[in-house]
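For reference, the structure is listed below as structure tokens.
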Amino acid sequence: MHIKKQRLLTPGPTPLYPKALHAMMDADLHHRTQDFRDLYTRVLTDLKEVLGTSHDVLVLVASGTGAMDASVSNCFSPGDRVIVCTAGKFGERWVEIAKAYGLNAVVLEAPYGQAVSPEAVEQALAANPDTKGVFVQASETSTGVAHDVRAMGEAVKKTGAIFVVDAITGIGTMPLDIDGWGIDICIGGSQKAFMIPPGLAFMAISPKAWAFMDTAKLPRYYFSLKKERKMAAGGESAWTPNTALMLALAEALKYIKQLTMAKLVDNAQQLAYATRVACGALGLELFAPDSPGASVTSVKAPKGMDSGVIVKEFKSRFGSIIANGQGSMKGQIFRIAHLGYFDYPDLFAMVAELELILHANGVPVEFGKGVAAVQRLYAERAIAKKETVNA
Ligand SMILES: *Cc1c(COP(=O)(O)O)cnc(C)c1O
């Protein structure tokens, strides 16, 4: 067909909330003025409310990895013992950061498609009583797996270690009680469930983590969390902030507040559940059937088919950008995102496109079978006015 609308349907960057996108045009703003201080203060207050925490919340001008880096460089000293959970490409990033900073890492690894168990964390803590930190992804975006952050937090809470959670795709896709579950550093990123472009990272930091910063000796400069906290108290950021993204974030937070975080989470969970049911109806196998999260659903390509063909045809036939597998999963799986500004019509279209692509590649498909599965769930849940779904 001739007209193809571009649709960004990946698990980061995610589709943009239009009002946030439009707000970016007001960026001819100086960051050492009262106008900016008002904006920044409002953003920090709203972010804290949306995250549901009493901890200090900071914004860094960086992609999510910047906040991962900052959590290590600000809280630890060379040679510190840490436990790193890894279940995919983002867990491997924790391992690499810990190594780059000379930490002494005990690595708990789960095969791709599976989760690290809270029991493994508990055992590793018992075997390494000198542990200073435990690192994990709430949602491992490369495989679609969700971790049991609550149970892990309970285990870490009883020790002297801090619990550092990359919740970059966990926020907005699963319940997260930052204060109650003992999450000492909770990390978020702008281009995920916050529905705005990449470039800002968020950190909620507990008093326990702040205390670590008094003795931490690793070198740092740009990402100085103490400096950011001091400046934020006066409504400013340490360095020149990304004013355009801050304007976007203010709009997105207004929307999320009005929607409520619980409903944002439920939205992703409903879409994830419907996607799993649709894949089952089409005879497609899930990559992470045992601990599926709601940020993204990883689906195995049919036998003998490269998932890259599916990804490529989403783009070439329909203008839809979906995600391939990363690393060794490339060519094996494709990923359907649910976090942030996604709705049922997005999913109707994605599943219909998928059916057509499979058909075009000789995979037997009964047209409408996957779409009907999603429609049926919509009818049951939304038309019957059942507000929540346990996905
Ligand atoms: C997107 C993402 C990140 C951050 O990646 P950046 O490219 O630095 O924004 C980190 N962890 C997870 C789980 C992610 O999904």
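One-based numbering, in listed order, for ligands and for the atoms of each.
- Looking at atom 2 (C) of ligand 1, its nearest protein heavy atom turns out to be Lys192 NZ, 2.6 Å.
- The aromatic rings of Trp94 and Phe135 lie tilted to each other, with the angle between the two planes from 30° to 60°.
- Taking 4.0 Å as the cut-off between side-chain N and carboxylate O, Lys257 and Asp46 count as a salt-bridged pair.
- The shortest N/O to N/O separation between Asp166 and ligand 1 falls below 3.5 Å.
- For the pair Leu39 and Asp35, the minimum side-chain heavy-atom distance is 4.5 Å or more.
- Checked for salt-bridge contact, Lys89 and Glu96 miss the test: no charged N lies under 4.0 Å from a carboxylate O.
- An N or O contact shorter than 3.5 Å is missing between Met68 and ligand 1 by distance.
- Regarding atom 10 (C) of ligand 1, its nearest protein heavy-atom neighbour is Ile168 CD1, 3.2 Å.
- Listed by number with element, the atoms of ligand 1 under 4.0 Å from a non-hydrogen atom of Gln191 are 6 (P), 9 (O).
- Contact annotation for Thr169 and ligand 1: only side-chain heavy atoms (C-beta onward) come within less than 4.0 Å of the ligand.
- Checked options Arg276, His338, Arg335; the residue passing with Thr297 is His338 (criterion: side-chain hydrogen bond (donor to acceptor under 3.5 Å, both in side chains)).
- Two residues are said to be in side-chain contact when any heavy atoms from C-beta on lie closer than 4.5 Å; Glu49 and Ile256 fail this criterion.
- Arg93 NH1, 3.3 Å is the protein heavy atom nearest to atom 5 (O) of ligand 1.
- Listed by number with element, the atoms of ligand 1 under 4.0 angstrom from any heavy atom of Gly64 are 4 (C), 6 (P), 8 (O), 9 (O).
- Both the sub-6.0 Å distance and the 45° axial angle are satisfied by Lys192 relative to the ring of Phe90.
- Contact annotation: Ser139 has at least one heavy atom less than 4.0 Å from an atom of ligand 1.
- Annotation: Thr141 places an N or O atom under 3.5 Å from an N or O atom of ligand 1; distance criterion only.
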Handout entry: Residue pair Arg93, Glu140: steps toward the salt bridge (charged side-chain N to carboxylate O under 4.0 Å, His left out) verdict
Key = CA-CA 11 Å; Arg93 191 169 297 179; Glu140 173 51 74; over 6 Å; no
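- The proximity of Glu140 to ligand 1, defined as any non-hydrogen pair under 4.0 Å, does not occur for either the backbone or the side chain.
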